[in-house]
There are 2 protein chains.
Amino acid sequence: MTVTIYDVAREANVSMATVSRVVNGNQNVKPSTRKKVLEVIERLEYRPNAVARGLASKKTTTVGVIIPDISNNIYAEAARGIEDIATMYRYNIILANSDQNEEKELSLLDTMYGKQVDGIVMMSDAVTEKLHKSMEHSPVPIVLAGSVDDTNQFPSVNIDYFQASYEAMQLLINNGHTRIAFLSGPLNYTINSKFKLEAYKKALQDANIELDERLIISEDGSYDSGLEAWETLRELEAPPTAFFAGSDELAIGIIHGVQDDGKKVPDDVEVISFENSKLARMVRPRLTSVVFPLYDIGAVAMRLLTKIMNKEDNVKDKNVIIPHRIETRQSVKL
Amino acid sequence: MTVTIYDVAREANVSMATVSRVVNGNQNVKPSTRKKVLEVIERLEYRPNAVARGLASKKTTTVGVIIPDISNNIYAEAARGIEDIATMYRYNIILANSDQNEEKELSLLDTMYGKQVDGIVMMSDAVTEKLHKSMEHSPVPIVLAGSVDDTNQFPSVNIDYFQASYEAMQLLINNGHTRIAFLSGPLNYTINSKFKLEAYKKALQDANIELDERLIISEDGSYDSGLEAWETLRELEAPPTAFFAGSDELAIGIIHGVQDDGKKVPDDVEVISFENSKLARMVRPRLTSVVFPLYDIGAVAMRLLTKIMNKEDNVKDKNVIIPHRIETRQSVKL
DNA sequence: TTGAAAGCGCTAACAG
DNA sequence: CTGTTAGCGCTTTCAA
């Protein structure tokens, strides 16, 4: 039924090895032979079977991508970066959502191993011990994208979350605020607990501002939790006058909460976000935000993975930190 | 190096056929044998090679998903629906972005065929003739998700775009508007030109409102083009008092354009959108919007594909239309 | 209930 | 420059 390399060989009066050579661009083929084979390939509409090829060569030219949730803009952006570079290097991508659930992550890793992917890009907000162990035993290279593993044992691509957060806090502190709220997603996510929150505390401490635990709110990171955060915090005897929000959605939630309350941003309350997705410009006032370059992180992670898969030995830095910056708009006064 | 079915067979003193049977849950295995094999599998950490399996069985349990752009929320949502159902039926997904570029779509289809996927879910805003032809010759079933092919020749899942758009327009018309602008993405996208725009015209005609071509704007569908649309239209001697926007981003762009201009929504200008993503609630006033249930469309499309792949003959309706509705919020007066 | 054996379609030595 | 020949790891008859 389907045309195989064997059919082409027969029609072209050559061996299947020769056909294989022309298909794989091997130079050791006489031009005239190549031409003949190419013609037959075209005529028969021969299309190499990647599965058979994968079995024989032990290379599938596909990489696994495990992310928490593709419908979340932040991960989708990273996925796009990953896919673009993968395409550039002729890899395909098997994409799967983990919902940040350890069991799913583990099972997905197993699935990827079974599918014989050539490598894996993993995004996980919490690299648990079990995850770590499975990754250690991986038959193929894995690189972490926008995800932190305490041991720094796996190749990874990130920004300096602590420093970026610290700078965001400084902006607020320099504007004279002493009541600054911290709002983030789950604190069992490494980046939230070990970097954003720690930077928040350190910045406060360095400025001799007393820490008020009530100003630290960790929910699911959604727009609604931003909205609710203001609801809660406004009841304090001294409500916060500034917010360090872990994501754009959160920041917009706060802004709308404040505005629905008849107050003004940034006049009454200033807000800085950590993400800078396209949402940042789609709110009034527009968000001042730490730029979390997800697309780049995904792209660089995938590029790093190709290098490792190719066993290029010039892979010096396996733990890449890409630069960050703060995009200044109107939700924080200048 | 890697453990194969053969290693397991040897260790368990059975033939590889038997191991294959237990791995595949074949019932024709004596329980005691099954137990013995299972133990060896566990001990050796045997993991079936899906590539070899795919070659032998001619089934890869993976489906191809071709979408315009995963970083676009609308497609990401659909992708999530597709993946969830795929996971449920134990399929994996090879995801690729086409950027709505015909050449890429064609080449991606070829890639998918080559990878021996068991089926394909395709999202394309413009099923061109070439695309159509390639799909016709596909060795595996293809279902269109949120995409229209004029011939209705391929299984598909959609909503009734025309009717939904017509209802949106009626809402505006019933509110007394006679200057209603139409704003959408590219008009070479079938849904925009053949359904949204046609419904716009028909609704106007049915209400005896004269069509003003200057009120029809088709750009790239971005937030900025929404912003700019207002810039342009406000200069008219009779600016529009209502907008039918093809997407949430567009609608928010318009709203901000109007507001930045010192006018009010919905008092001065009413806006209805066609999407209802989570953005719809993240703007003030919140968007009244036709609900375009992308997640469901993806999920139903994938479910339909599993049925076709399994050759279930109860697949009556290959062109599924799922219900739509309008979510009423504040950007349109009641 | 189990095993033997023939592929699946291709790559990759190796020989010529 | 080209052909021969083993596999790659598994599924799937066919027999027993």
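Labels below follow one simple rule: chain letters A, B, ... track the order of the sequence lines, proteins then strands, and each chain is numbered from 1. Given the structure is predicted, the values throughout are model-derived calculations rather than measurements.
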Exercise. Would you sort out whether Asn97(A) and Tyr75(A) count as a side-chain hydrogen bond (donor to acceptor under 3.5 Å, both in side chains), showing the intermediate values?
Key: CA-CA 10 Å; Asn97(A) 300 295; Tyr75(A) 302 117; over 6 Å; no
Quiz item: Considering only side-chain heavy atoms of Thr4(A), which listed nucleotide, dG9(C), dT11(D), dT13(D), is closest?
Solution: dG9(C)
Quiz item: Between atom CZ in Arg10(B) and atom P in dT2(C), what is the gap in whole Å?
Solution: 19 Å
Quiz item: Nearest-Å distance, NZ (Lys59(A)) to C1' (dG7(D))?
Solution: 16 Å
Quiz item: Quick one: Gln116(A) CD to dT11(C) C1', roughly how many Å, whole number?
Solution: 16 Å
Quiz item: More than 12 non-hydrogen atoms from neighbouring residues, nucleotides or ligands closer than 6.0 Å to CD on Glu42(A), yes or no?
Solution: no
Quiz prompt | side-chain N/O Ser15(B) vs dG3(C) OP1/OP2, d < 4.0 Å | solution = yes
Quiz prompt | Residue pair Arg47(A) / Gly114(B): nearest heavy atoms and the distance that separates them | solution = CD-N, 3.7 Å
Exercise. Under 4.0 Å from any atom of DNA chain D, heavy atoms only: list the residues of residues 23-34 of chain A that qualify, in numerical order.
Key: Asn28(A), Val29(A), Lys30(A), Thr33(A)
Quiz item: Does the pair Asp99(A)/Arg80(B) count as a salt bridge with the N-to-O cut at 4.0 Å?
Solution: yes
Quiz item: In whole angstrom, what separates Lys36(B)'s NZ from dT1(C)'s C1'?
Solution: 12 Å
Quiz prompt | Atom-to-atom span, CE of Met16(B) to P of dC8(C) - whole angstrom | solution = 15 Å
Quiz item: Among dG3(D), dT11(C), dG3(C), which is the nearest nucleotide to the side chain of Arg21(B)?
Solution: dG3(C)
Quiz prompt | Nucleotide dC1(D), atom P - distance to NZ of Lys35(A) in whole Å | solution = 17 Å
Quiz item: Among the nucleotides dT12(D), dG9(D), dA12(C), which one has an atom lying closest to any side-chain atom of Ser57(B)?
Solution: dT12(D)
Exercise. Check whether any side-chain heavy atom of Ile120(A) lies under 4.5 Å from a side-chain heavy atom of Tyr113(A), and answer yes or no.
Key: yes
Quiz item: With sugar-phosphate meaning primed atoms plus P, OP1 and OP2, does Ser20(B) contact a base, only sugar-phosphate, or nothing at under 4.0 Å between heavy atoms?
Solution: base
Exercise. Determine whether more than 12 heavy atoms belonging to other residues, nucleotides or ligands lie under 6.0 Å from atom CD of Glu129(A).
Key: no
Exercise. Locate the shortest heavy-atom distance separating Glu105(B) from Ile66(B); write the atom from each residue and the value.
Key: O-CD1, 4.4 Å
Exercise. Take His132(A) and Asp149(A), measure what side chain to side chain contact (heavy atoms under 4.5 Å, CB included) needs, and give me the verdict at the end.
Key: CA-CA 8 Å; His132(A) 195 288; Asp149(A) 161 53; 3.0 Å; yes
Quiz item: Does Lys58(B) have a side-chain nitrogen or oxygen under 4.0 Å from the phosphate oxygens OP1 or OP2 of dT12(D)?
Solution: no
Quiz item: Side chains of Val40(A) and Arg43(A): does their closest heavy-atom pair fall under 4.5 Å?
Solution: yes
Exercise. Mind running a 4.0 Å heavy-atom check of residues 38-56 of chain A against DNA chain C and sending the residues that fall below it, in number order?
Key: Tyr46(A), Pro48(A), Asn49(A), Ala52(A), Arg53(A), Ala56(A)
